Amino acid sequence: MDLNFKMENIKRGTLEVVTEEELKDKIKKDKPIAYIGYEPSGSVHLGHAITVKKMIDLQNAGFKVKILLADFHAYLNGKGSLEEIEKISNYNKKCFRALGLSEDTEFILGSSFQTLEDYTHKIYELALSTTLTRAKRSMAQITRDSKDHKVAEVIYPLMQVLDMIFLNVDVALGGMEQRKIHMLARESLPRMGYEAPVCLHTPLLHGTDGSDKMSSSKENYIAIDDEPDVIRKKLQKSFCPQGQVEGNPVIEIAEHFVFTEDKTLLIERPEKFGGNLELNYKDLLEIYAKNELHPLDLKNSVIKRLIEILEPVREYLKSD
RNA sequence: CCCGCCUUAGCUCAAUUUGGCAGAGCAUCGGACUGUAGAUCCGAGGGUUGCUGGUUCAAGUCCGGCAGGCGGGACCA
């Protein structure tokens with residue numbers, strides 16, 4: 001793969017690359033390191049999968065991939081006891097592998113290095129140079145609840161910045177909600193004598209209820225290992241306004257999970273509704289926006305294809 | 001450490017001056033209407049009233065203790 005091809009592959013489907021020049025330099029390095037952190041979660045859903053797929057793109061472009069299983073972060077965010085969190089982090093690890101990450105992917109438990117003396121020391125250093133307002137602002141879209149704010153909430157972003165040092169990160173990937181922490185890292189790390197990481201941000205998938213973000217705590221997600229009839233039911237219930245492409249979760253699922261596999265989507269519909277159609281992504285947007293494709297026909301097609309696409313993931317997770 | 005206020009359904013809050021079967025809105029689920037969902041209309045489920053001890057025929061309500069939250073005061077070599 002040549003440089004431009006790698007760049008295009010990495011950029012595809014992201015909302016921003018900070019910065020493209022820096023990313024080019026990173027690609028030229030020998031075994032550059034790309035990282036993403038996840039708070040272990042009871043269910044790994046399509047929102048997670050978007051970022052995992054992007055990590056695979058990075059892997060294919062020659063990056064060494066490190067996945068941080070951020071148990072302490074989840075703990076600081078009120079997700080439960082460390083024991084509970086560690087248990088589901090093993091399940092998450094299997095989910096991420098099921099999505100197609102290669103064998104040399106490194107999974108690292110946050111607590112395995114986040115209590116090192118040097119790490120702790122640097123937390124204090126960073127705590128001294130970061131304003132409360134800045135730290136809280138960076139957490140606006142991440143923190144679990146919006147009142148009874150705990151000190152944990154501002155320790156969280158500091159740790160995330162330091163993780164990038166300890167994991168030797170060249171590129172940090174995250175959904176758009178991670179942006180402000182990433183920007184804090186880009187500003188803070190050089191001050192501490194380290195190179196700023198390149199930051200890649202993927203879009204957030206809307207919840208099946210049409211809300212801003214698919215989230216395992218809101219019952220508006222499709223898990224990567226949901227059984228076919230569960231996927232069917234959830235998609236049938238999905239918010240899907242006729243003719244509207246923006247913020248439409250069914251369209252988004254087609255974009256990020258169907259059209260990344262196939263060039264076209266086959267719409268099967270009865271003759272009385274116009275008969276079958278075969279659409280590429282661009283056609284889909286056009287025709288749907290013109291009200292020439294009924295939401296139910298779209299749903300049925302996406303349901304059928306998504307169930308097939310997630311089949312190997314389900315199988316992998318059922319095996320031992 | 002001291003004082004005051006607060007804690008009721010998943011969430012926000014009601015529950016008559018003076019103890020008498022714990023309610024509403026939102027959310028959830030179901031039905032109607034749309035060839036989807038949503039919106040709208042109709043209906044249903046949902047509770048150890050923070051925990052604990054007491055007073056009383058009867059306690060969300062009164063009294064004691066504990067926990068958590070909020071505010072103030074005090075201390076500050």
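Letters A, B, ... mirror the listed sequences (proteins, then strands); counts begin at 1. Just so we're clear, the structure is a prediction, and the values are computed from it rather than from any experiment.
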Identified pairing partner of B:U36, criterion: Watson-Crick or G-U wobble below 3.5 Å: none

Would you mind reading off the distance between A:Q244 atom CD and B:U36 atom P, rounded to a whole angstrom? 17 Å

Could you check whether A:D71 and A:S89, counting side-chain N and O atoms only, form a donor-acceptor pair closer than 3.5 Å? no

Going by atom types only, do A:D170 and A:Y35 share a side-chain donor-acceptor pair under 3.5 Å? no

Using a strict cut-off of less than 4.0 Å between a Lys/Arg side-chain nitrogen and an Asp/Glu carboxylate oxygen, indicate whether A:K53 and A:D57 qualify as a salt bridge. no

Taking only the C1' atom of each, what is the distance from B:G68 to B:C51 in whole angstrom? 11 Å

Under 4.0 Å between a side-chain nitrogen and a carboxylate oxygen: does that hold for A:E125 and A:R191? no

Expressed in whole Å, how much space separates the P atoms belonging to B:U55 and B:G69? 32 Å

B:C5 and B:A44: how far apart are their C1' atoms, nearest whole angstrom? 38 Å

Base paired to B:C66 (Watson-Crick or G-U; both N/O distances under 3.5 angstrom): B:G50

How far, in whole Å, is B:C13 from B:G30 if one measures between their C1' atoms? 26 Å

Nearest-Å distance once atom C1' is located in both B:U16 and B:C29: 34 Å

Quick one: A:I303 CD1 to B:U36 P, roughly how many Å, whole number? 13 Å

Separation of B:G38 atom C1' from A:E246 atom CD, nearest Å, is 18 Å

Looking at A:K234, A:R232, A:R314, which hits salt bridge (Lys or Arg N to Asp or Glu O under 4.0 Å) with A:D226? A:K234

How would you label the contact of A:Q242 with the nucleic acid (heavy atoms, under 4.0 Å): base, sugar-phosphate, or nothing? base

A:E227 bridged to A:K318 by N-O distance under 4.0 Å: yes

Report the base-pairing partner of B:A22 (Watson-Crick or G-U wobble, both distances below 3.5 angstrom), or none. none

Any ion pair linking A:E308 and A:R305 (charged N to carboxylate O, less than 4.0 Å)? yes

Min side-chain heavy-atom separation A:Y288-A:N248 under 4.5 Å: yes

Polar-atom pairs under 3.5 Å, protein N or O versus N or O of nucleotides 39-44 of chain B: list them with distances, or write none.
none

Between B:A37 atom C1' and A:I251 atom CD1, what is the distance in whole Å? 13 Å

Whole-Å distance between B:A27 P and A:N220 CG? 15 Å

How long is the line joining CG of A:N248 and P of B:A37, in whole Å? 14 Å

Got a donor-acceptor contact below 3.5 angstrom from the A:E153 side chain to the A:M139 backbone? no

Applying the Watson-Crick and G-U wobble criteria at under 3.5 Å, what pairs with B:G30? Answer none if nothing qualifies. B:C42

Using the P atom in both, what is the distance from B:G71 to B:A58, to the nearest Å? 40 Å

Could you tell me if the side chain of A:K79 sits less than 4.5 Å from the side chain of A:E39, heavy atoms only? yes

Partner nucleotide of B:U55 by Watson-Crick or wobble geometry (both distances under 3.5 Å): none

Report which part of the nucleic acid A:K237 touches: base, sugar-phosphate, or nothing (heavy-atom distance under 4.0 Å, all strands). sugar-phosphate

How are the rings of A:H48 and A:Y38 set to each other: parallel, tilted or perpendicular (split at 30° and 60°)? perpendicular

Once you round it to whole Å, what is the distance between C1' of B:C70 and NE2 of A:H149? 14 Å

All N/O pairs under 3.5 Å across the protein-nucleotides 33-35 of chain B interface:
unit_1	atom_1	unit_2	atom_2	d
B:G35	O6	A:D297	OD2	3.4
B:G35	N1	A:D297	OD1	3.4
B:G35	N1	A:D297	OD2	2.7
B:G35	N2	A:D297	OD1	2.6

Using atom C1' of each nucleotide, how far apart are B:G38 and B:G20 to the nearest Å? 45 Å

Between P of B:G38 and CG of A:L235, the distance in whole Å: 14 Å

Pairwise C1' distance for B:A59 and B:G64, with rounding to whole Å: 15 Å

